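No hydrogens, no waters, no symmetry mates; every other heavy atom, side chains included, goes into these values. This one's a predicted model, so the numbers in the text were calculated from it and none came from an experiment.
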Amino acid sequence: MNEQTALNKFNSSIKTLGYVFVTIALLCNFVPAVYASITTGVFPAIGDLLTLWVAAASAFGVGYFVQPISFFPMANMAGSFMCWIVGNVGEIRIPAATMAQNVTNAEQGTPKAQVISTVGIGGSIIVSVCMITLFTLIGASIMPLMPKVVLKAFGFVLPCVLGAVYASLASKNIILGAIIMISSIAGKMLFPIIGIPGGLIMLLNIILAVIIARIYFITTQKLSLIHISEPTRRVVI
């Protein structure tokens, strides 16, 4: 059994298990709310629940489309199921998968990279669960003692992490990384001018980056084929 056949068999099993556990996790999300309503006797009206859902969808709805599209190539199937169950995808899981692939020199899109990213995400889950449990127990007493400048610095953690991930991926192809950076900055400046809602700017920038990357890949492949097919010229002195 070769690597690709074994990986396909693995993904088939993961797909079944993933659907089961994601569904269980989804249902468990409602347990605390249902328990609180039953024990307190407070049951919100359907209209209030819909209002809250619309507010949440307005704030985070774009992420429903952006994150699966942008993160799946690095998380792959098994990693994606784990990511959507435990959360902190962009902040912890994707950086862990990326660093695991870099350390092991796993080329993106290969069976090795898929396995390594799954291991990296699994390791990050074990570490983060332990750390979250620890800081949940002692964090409430430590955080008030920290200087305000330290507390304010926590707001820059996510941009720093995503910037590090971008730098790691862009280093594999500097030209493509620079082109996508320029297109993203241009989109951030131009999309609001033409009336694109702020919540869609990130999604459009990601779609544009995917299109640019695809065009770049096809163009470089064609140029490589043309270069290879050219007859070798020898100069006879």
Side-chain angles (χ1 to χ4, degrees), residues 56-84 87-114 116-118 120-121 124 153-229:
S58 301
F60 306 108
V62 174
Y64 300 161
F65 303 97
V66 170
Q67 292 192 8
I69 294 173
S70 56
F71 293 151
F72 183 82
M74 288 172 282
N76 299 298
M77 183 180 294
S80 294
F81 281 125
M82 291 191 291
C83 286
W84 307 136
N88 291 320
V89 184
E91 300 90 336
I92 300 177
R93 313 304 164 207
I94 297 305
T98 304
M99 289 301 102
Q101 291 176 355
N102 288 341
V103 169
T104 56
N105 295 321
E107 184 179 354
Q108 191 69 253
T110 61
K112 178 182 177 181
Q114 294 187 44
I116 292 299
S117 67
T118 302
I121 291 172
S124 74
F154 286 135
F156 299 98
V157 171
L158 180 57
C160 291
V161 170
L162 295 181
V165 173
Y166 167 78
S168 176
L169 296 176
S171 64
K172 298 179 179 180
N173 193 314
I174 301 296
I175 296 176
L176 180 59
I179 293 173
I180 290 178
M181 174 64 76
I182 294 171
S183 71
S184 298
I185 295 174
K188 182 69 174 178
M189 297 172 60
L190 297 177
F191 287 151
I193 296 177
I194 61 178
I196 301 297
L200 295 178
I201 292 177
M202 182 183 295
L203 177 61
L204 291 178
N205 271 332
I206 290 175
I207 294 174
L208 181 61
V210 172
I211 294 174
I212 292 173
R214 183 60 182 171
I215 293 174
Y216 181 86
F217 174 77
I218 293 174
T219 303
T220 52
Q221 287 291 101
K222 288 182 177 179
L223 292 176
S224 298
L225 291 174
I226 292 174
H227 179 72
I228 294 173
S229 61

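Going from atom CD1 of I121 over to atom CD1 of I94 covers 5.5 Å, rounded to the nearest 0.5 Å. Interatomic distance, NZ of K188 versus CG of N205, reported as 8.0 Å (0.5 Å rounding). Distance check: T219 OG1 to I212 CD1 gives 11.5 Å after rounding to the nearest 0.5 Å. Here I185 contributes atom CD1 and I180 contributes atom CD1; the two are 12.5 Å apart, rounded to the nearest 0.5 Å. With rounding to the nearest 0.5 Å, the separation of CD in Q101 from CD in Q114 is 9.0 Å. I211 CD1 to I206 CD1: the interatomic distance, rounded to the nearest 0.5 Å, is 12.5 Å.
Formation of a donor-acceptor pair under 3.5 Å by the R93 side chain with backbone atoms of G87 is found in this model. Judged purely by atom type and a 3.5 angstrom limit, K222 has no side-chain atom pairing as donor or acceptor with the backbone of F217. Side chain of Y166 to main chain of G177: a donor-acceptor pair is present (N/O by atom type, distance under 3.5 Å, no hydrogens or angles).
The two residues G79 and T118 make their nearest non-hydrogen contact at N-OG1, 4.2 Å. Scanning both residues, I92 and S124, for their nearest heavy atoms gives CG2-CB, 3.9 Å. The two atoms that bring G187 and P192 nearest to each other are O-CD, 3.9 Å, heavy atoms only.
Surrounding CD1 of I175 are at most 12 heavy atoms belonging to other residues, nucleotides or ligands under 6.0 Å away.
In this structure, the side chains of R214 and I218 come closer than 4.5 Å at one or more pairs of heavy atoms. Within the 4.5 Å cutoff, the side chain of L190 has heavy atoms near those of the I193 side chain.
A donor and an acceptor atom, one from each side chain of N76 and S117, are located under 3.5 Å apart.
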